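The structure appears right after this line, and notes come after that.
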Amino acid sequence: MLGFIARRLVIAIPTIVLISIFVFALQKLLPGDPVLAMAGEERDPAVLELLREKYRLNDPIPHQYLAWIGGVLQGDLGFSLRTQQPVLDLVAEKLPVTIQLAVMAMIIAVLIGIPAGILSAVRKGSWIDWLANLFALSGLSVPNFWLGIMLILLVSVKLGWLPASGYRPLSEDPLLSLQTMIMPAFVLGTALAATLMRHTRSAMLGVLRADYIRTARAKGLRGRTVILKHALRNALVPIVTISALLFGELLAGAVLTEQIFTIPGFGKMIVDAVFNRDYAVVQGVVLCTAVAFIGMNLLADVAYRWLNPRMRDQG
Amino acid sequence: MTDATLAAPAAPRSPSRAWAKLRANPVALLGAALVLFFVAVAALAPVLPVPDPTATDWGAVRKAPSAAHLFGTDEIGRDVLSRMIWGAQASLLAGVVSVGIAVAIGVPLGIAAGYWGGWTDAAISRVTEALLAVPFLILAIALAAFLGPSLTNAMIAIGLSAMPIFIRLARGQTMSVMTEDYVEGARAIGLGHGAIIGRYVLPNIFPPILVQATLTIATAIIAEASLSFLGLGQQPPSPSWGSMLNVAKNFLEQAPWMALWPGIAIFLVVLGFNLLGDGLRDALDPREL
């Protein structure tokens with residue numbers, strides 16, 4: 001297994017290098033002189049030249065890239081133009097908020113998506129299957145920012161049950177933290193639940209056709225035992241790996257969800273950075289997201305091999 | 001993004017059989033009807049008897065739905081129904097154009113990677129993997145931010161973000177077709193690369209590309225609405241469903257109808273493309289029972 005992880009890490013290196021080139025090139029796409037954006041109101045040619053020297057903008061582009069990537073490898077993602085804080089500190093500050101949202105959303109997605117997928121597969125062709133499929137397609141088609149707005153209108157404005165926005169860290173006030181996060185987590189979780197339901201249904205249908213399930217039934221085992229102990233156990237292998245891969249969708253969904261519910265997380269940071277023309281932050285966020293996504297992919301592969309005994313033995 | 005990757009070990013179903021299967025699928029027909037409805041609304045926008053979508057009326061600010069304004073009015077007295085109808089143009093245009101960009105760049109690159117293999121494949125595949133590592137919407141937001149906020153730039157950003165899916169799909173499909181006997185035969189009789197790709201590869205990889213394109217239009221419409229909602233897509237005063245929702249969220253208590261209609265429209269058109277895409281996949285995939 002360790003050899004497998006090492007091989008996958010080596011394969012990931014060129015991908016990460018390419019992402020870094022892409023992220024670096026984003027800045028070069030910027031129309032106009034980046035120094036003017038940095039300088040704000042300042043138009044003194046001497047100051048502008050000083051900034052060009054400071055940020056090595058007079059160097060050839062490959063040199064600029066090497067200097068930038070050298071800094072990144074030492075944890076230097078640059079500074080926010082707006083707050084002057086190191087980008088890495090900003091990411092470290094906002095990430096726990098988004099992780100809390102993502103974990104809560106994933107719990108909701110698993111609680112809805114997996115039972116719905118199992119029921120749908122076991123009752124294939126019935127009204128339950130039809131209803132679960134309708135739910136899944138609706139979940140995939142509804143824009144989550146609109147679902148968020150509608151929930152705020154119903155649950156916060158009309159019924160007054162939950163706060164419409166705001167955030168309180170879990171460590172400060174756990175109850176209020178859960179109250180403020182439950183609605184955004186539900187919005188984010190329903191879209192994932194739809195994807196998870198479809199994959200669970202498909203995996204369960206595949207497993208339910210297998211010979212060992214027929215044998216288990218022929219032995220006279222109860223239906224529930226066959227489904228939960230034999231079928232679900234095997235169907236879970238692809239479901240667990242897909243859950244890890246849904247991480248990217250979670251991060252993307254968090255961008256809009258955090259915006260609607262005014263949650264000061266990773267997603268809101270990228271949108272604020274875009275509007276403040278804080279390009280170092282945008283670059284930092286894209287790079288961190290991509291590296292995290294590659295990490296989750298690796299985790300998914302490892303989980304797949306670990307859960308699947310036939311692949312585990314291949315080393 | 002829904003992935004319609006089909007391994008295509010068998011020849012695709014013939015167009016007439018696929019069409020018959022599609023017509024016999026009521027859910028796919030419902031999807032097609034929804035799509036056609038919105039296409040008709042968008043196309044007929046200039047001739048429909050609705051007010052100018054940008055005309056303001058300060059005497060009719062945030063009016064609830066009534067006979068005069070069937071969907072109500074917005075925060076500066078514009079007719080919401082009219083803005084919905086004209087907004088359909090932006091949404092559908094964004095969906096089709098961005099997927100057109102993704103297909104136009106992604107499919108040739110995917111075919112090149114699958115057909116020539118070796119270093120061409122390695123180079124294209126590594127770049128594709130790198131692009132796939134950035135979540136679709138985050139990549140689109142980053143690109144739209146650097147290109148500048150406009151509907152055109154949003155379409156380019158969405159198209160480039162969706163492109164890797166088509167590269168990967170076209171590559172896989174081409175590699176699968178390349179192992180078929182008829183391609184071997186075509187090579188043996190000395191057909192050139194262009195002829196093999198044009199006569200054998202393209203027709204065989206077309207069905208899964210069509211399915212993926214239909215499903216990606218759904219994703220692209222949501223992405224355009226998301227970018228416009230964030231202020232990175234269609235710019236005011238031109239209407240788009242996403243930007244209408246962006247404004248509507250500030251008037252939820254006073255004018256909830258402003259948020260209701262654009263969301264329902266996005267949901268229905270995206271549902272239509274998803275149903276149609278699923279139906280096409282069932283009709284075109286020879287392995288589907």
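Values below: all heavy atoms of this structure, side chains included; hydrogens, waters and symmetry mates excluded. Please read these numbers as outputs of a predicted model, since none were measured by experiment. Labels below follow one simple rule: chain letters A, B, ... track the order of the sequence lines, proteins then strands, and each chain is numbered from 1.
- Counting heavy-atom pairs under 4.5 Å between each of A:V291, A:I11, A:V17, A:I19 and chain B puts A:I19 at the top.
- Under the 3.5 Å distance criterion, with hydrogens and angles disregarded, no donor-acceptor pair is assigned to the side chains of B:S125 and B:E129.
- For the set B:V27, B:V270, B:T128, the count of heavy-atom pairs under 4.5 angstrom toward chain A peaks at B:V270.
- For chain A, the option among B:P256, B:A144, B:P262, B:S226 with the highest count of heavy-atom pairs below 4.5 Å is B:S226.
- In this structure, the portion of A:I260 lying under 4.5 Å from any heavy atom of chain B is its side chain and not its backbone.
- Among B:L260, B:I141, B:L139, the residue making the largest number of heavy-atom pairs under 4.5 Å with chain A is B:L260.
- Heavy-atom pairs under 4.5 Å with chain B were tallied for A:A12, A:A273, A:A290; the largest tally goes to A:A290.
- Interface residue A:S138: backbone and side-chain heavy atoms are both found under 4.5 Å from chain B.
- Contact of B:A225 with chain A is made through backbone and side chain together, with heavy-atom distances under 4.5 Å.
- Using a 4.0 Å cut-off between charged nitrogen and carboxylate oxygen, B:K21 and B:D282 do not count as a salt-bridge pair.
- Within a 6.0 Å radius of CZ in A:F293, other residues, nucleotides and ligands contribute more than 12 heavy atoms.
- If you measure heavy-atom distances from A:V142 to chain B, the contacts under 4.5 Å come from both the backbone and the side chain.
- Using modelled atom types and a 3.5 Å distance limit, the side chains of A:D129 and A:N133 yield a donor-acceptor pair.
- Summarising the geometry of B:A32 relative to B:L276, their closest heavy-atom pair is CB-CD1, 3.9 Å, with the distance given to 0.1 Å.
- Residue A:I270 touches chain B through its side chain alone, counting heavy-atom pairs closer than 4.5 Å.
- For chain B, the nearby part of A:I294 is the side chain; its heavy atoms alone come within less than 4.5 Å.
- Heavy-atom minimum distance, B:V80 versus B:F71: CB-O, 3.6 Å.
- At a threshold of 4.0 Å, the pair A:D272-A:K94 does not count as salt-bridged, since none of the basic side-chain nitrogens sits closer than that to a carboxylate oxygen.
- Both the backbone and the side chain of B:I264 come within less than 4.5 Å of a heavy atom in chain A.
- Between atom CD1 of residue A:I16 and atom CD1 of residue A:I21 there is a gap of 12.5 Å, rounded to the nearest 0.5 Å.
- Across B:V127, B:I221, B:I222, the residue that shares the most heavy-atom pairs under 4.5 angstrom with chain A is B:I222.
- Interface summary for chain A: among B:V134, B:I266, B:L230, the most heavy-atom pairs under 4.5 angstrom belong to B:L230.
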Does the pair A:W68 and A:V23 meet the rule for a side chain to side chain contact (heavy atoms under 4.5 Å, CB included), with working shown? CA-CA 11 Å; A:W68 177 76; A:V23 168; 3.9 Å; yes
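- Contact count against chain B (heavy-atom pairs under 4.5 Å) is highest for A:S141 among A:G253, A:G267, A:S141.
- When every heavy atom of B:G231 is checked against every heavy atom of B:N246, the shortest pair comes out as N-ND2, 4.5 Å.
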